[in-house]
Amino acid sequence: MSTADIHKNAEAKMVRSIESFKNELQKIRTGRAHPGILDQVQIEYYGSMVPISQVANVSLLDARTITVQPWEKGMGPKIEKAIRESDLGLNPSSQGDLLRVPMPALTEERRRELTKVVRNAGEDSKVAIRNLRRDANEQAKKLTKDKEISEDDERRSLDDVQKLTDRYIAEVDRLIAAKEAEIMAV
């Protein structure tokens with residue numbers, strides 16, 4: 001393995017972290033209801049944690065209401081509890097086997113909550129990128145220790161990985177700022 005391989009590998013993983021963060025941001029809806037909002041909510045199903053979409057039909061009733069129809073009897077209360085305890089700020093109501101999840105109106109307080117969710121997701125993404133930097137640096141140091149590269153090459157590698165990290169951290173900050181502006185403007 002060379003320093004070029006380390007950089008390619010680190011950059012590919014950082015790109016995947018950014019893509020994952022973008023997907024997280026798409027789940028944070030500001031206006032209309034969207035079934036994808038519930039994708040991150042996990043529920044215990046026969047001993048494993050699975051997304052709600054794997055145990056129920058998630059659809060839209062209207063622009064402000066999501067419906068959740070469990071496929072098995074008895075799953076309704078578990079799904080309702082999982083939605084209520086998620087950090088989405090949703091309050092489902094049960095009507096027999098059908099759950100209705102009304103989207104709350106975006107009050108100033110709700111917008112602030114959503115910006116906190118965005119910042120937390122952004123911080124998680126930054127931590128992932130920093131962990132990738134640490135891994136790449138450890139690989140470069142191991143190559144130096146094994147005498148496969150010189151100390152100068154190691155220093156250049158560490159600097160290049162830091163520049164890469166700075167670039168992707170700045171991208172996360174840009175995405176956070178854009179999403180916060182979108183939330184506050186609605």
What is the distance from atom [atom1] of [X] to atom [atom2] of [Y], rounded to the nearest 0.5 Å?
X      : Y      : atom1 : atom2 : result
Leu143 : Thr3   : CG    : OG1   : 8.0 Å
Glu138 : Asp135 : CD    : CG    : 6.0 Å
Phe21  : Tyr168 : CZ    : OH    : 15.0 Å
Asn91  : Glu80  : CG    : CD    : 8.0 Å
Met49  : Ile43  : CE    : CD1   : 8.0 Å
Gln40  : Glu24  : CD    : CD    : 5.5 Å

Please check if atom [atom1] in [X] has more than 12 non-hydrogen atoms from other residues, nucleotides or ligands closer than 6.0 Å.
X      : atom1 : answer
Arg167 : CZ    : yes
Lys142 : NZ    : no
Arg84  : CZ    : yes
Lys78  : NZ    : no

Are [X] and [Y] connected in the hydrophobic side-chain network, where two residues link if heavy atoms are under 4.5 Å apart?
X     : Y     : answer
Leu38 : Tyr45 : yes
Trp71 : Tyr46 : no
Ile83 : Leu60 : yes
Ile66 : Val55 : yes
Leu61 : Val68 : no

Looking at [X] and [Y], what are the two nearest heavy atoms and their distance?
X      : Y      : answer
Ala56  : Pro70  : CB-CA, 3.6 Å
Ser94  : Gly96  : OG-O, 3.3 Å
Arg100 : Thr65  : CB-CG2, 4.2 Å
Glu154 : Ala140 : CG-O, 4.3 Å

For this session: Would you kindly say whether Arg134 and Asn137 are connected by a side-chain donor-acceptor distance under 3.5 Å?
Result: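 No, Asn137 and Arg134 have no side-chain donor paired with an acceptor closer than 3.5 Å.
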[Y] side chain reached by [X] side chain, heavy atoms, under 4.5 Å:
X      : Y      : answer
Leu114 : Arg111 : no
Leu164 : Arg133 : no
Val117 : Glu113 : no
Ile18  : Ile129 : yes
His7   : Lys163 : no
Glu11  : Met14  : no
Val41  : Leu90  : no
Lys126 : Asp173 : yes

Under a 3.5 Å distance rule, please check whether [X] uses its side chain to pair with a backbone N or O of [Y] as donor and acceptor.
X      : Y      : result
Ser20  : Arg16  : no
Asp5   : Ser2   : yes
Ser125 : Gly122 : no

For this session: Take Glu182 and Lys179 through the salt bridge (Lys or Arg N to Asp or Glu O under 4.0 Å) test and state the conclusion after the steps.
Result: CA-CA 5 Å; Glu182 177 187 332; Lys179 189 65 173 186; 3.5 Å; yes
Exercise. Considering the options Asp160, Asp159, Asp153, which one meets the salt bridge (charged side-chain N to carboxylate O under 4.0 Å, His left out) requirement together with Arg156?
Worked result: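 The option that passes is Asp153.
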Exercise. Should Thr67 and Ser59 be marked as a side chain to side chain donor-acceptor pair (under 3.5 Å) after you check the CA-CA gap, both sets of side-chain angles, and the distance that decides it?
Worked result: CA-CA 5 Å; Thr67 58; Ser59 60; 2.9 Å; yes
For this session: Check the pair Arg112 / Glu109 against salt bridge (Lys or Arg N to Asp or Glu O under 4.0 Å), numbers first and verdict last.
Result: CA-CA 5 Å; Arg112 291 190 200 293; Glu109 180 181 340; over 6 Å; no
Exercise. Step by step, would you call Glu19 with Asn23 a side chain to side chain donor-acceptor pair (under 3.5 Å)?
Worked result: CA-CA 6 Å; Glu19 291 303 316; Asn23 288 338; 5.9 Å; no
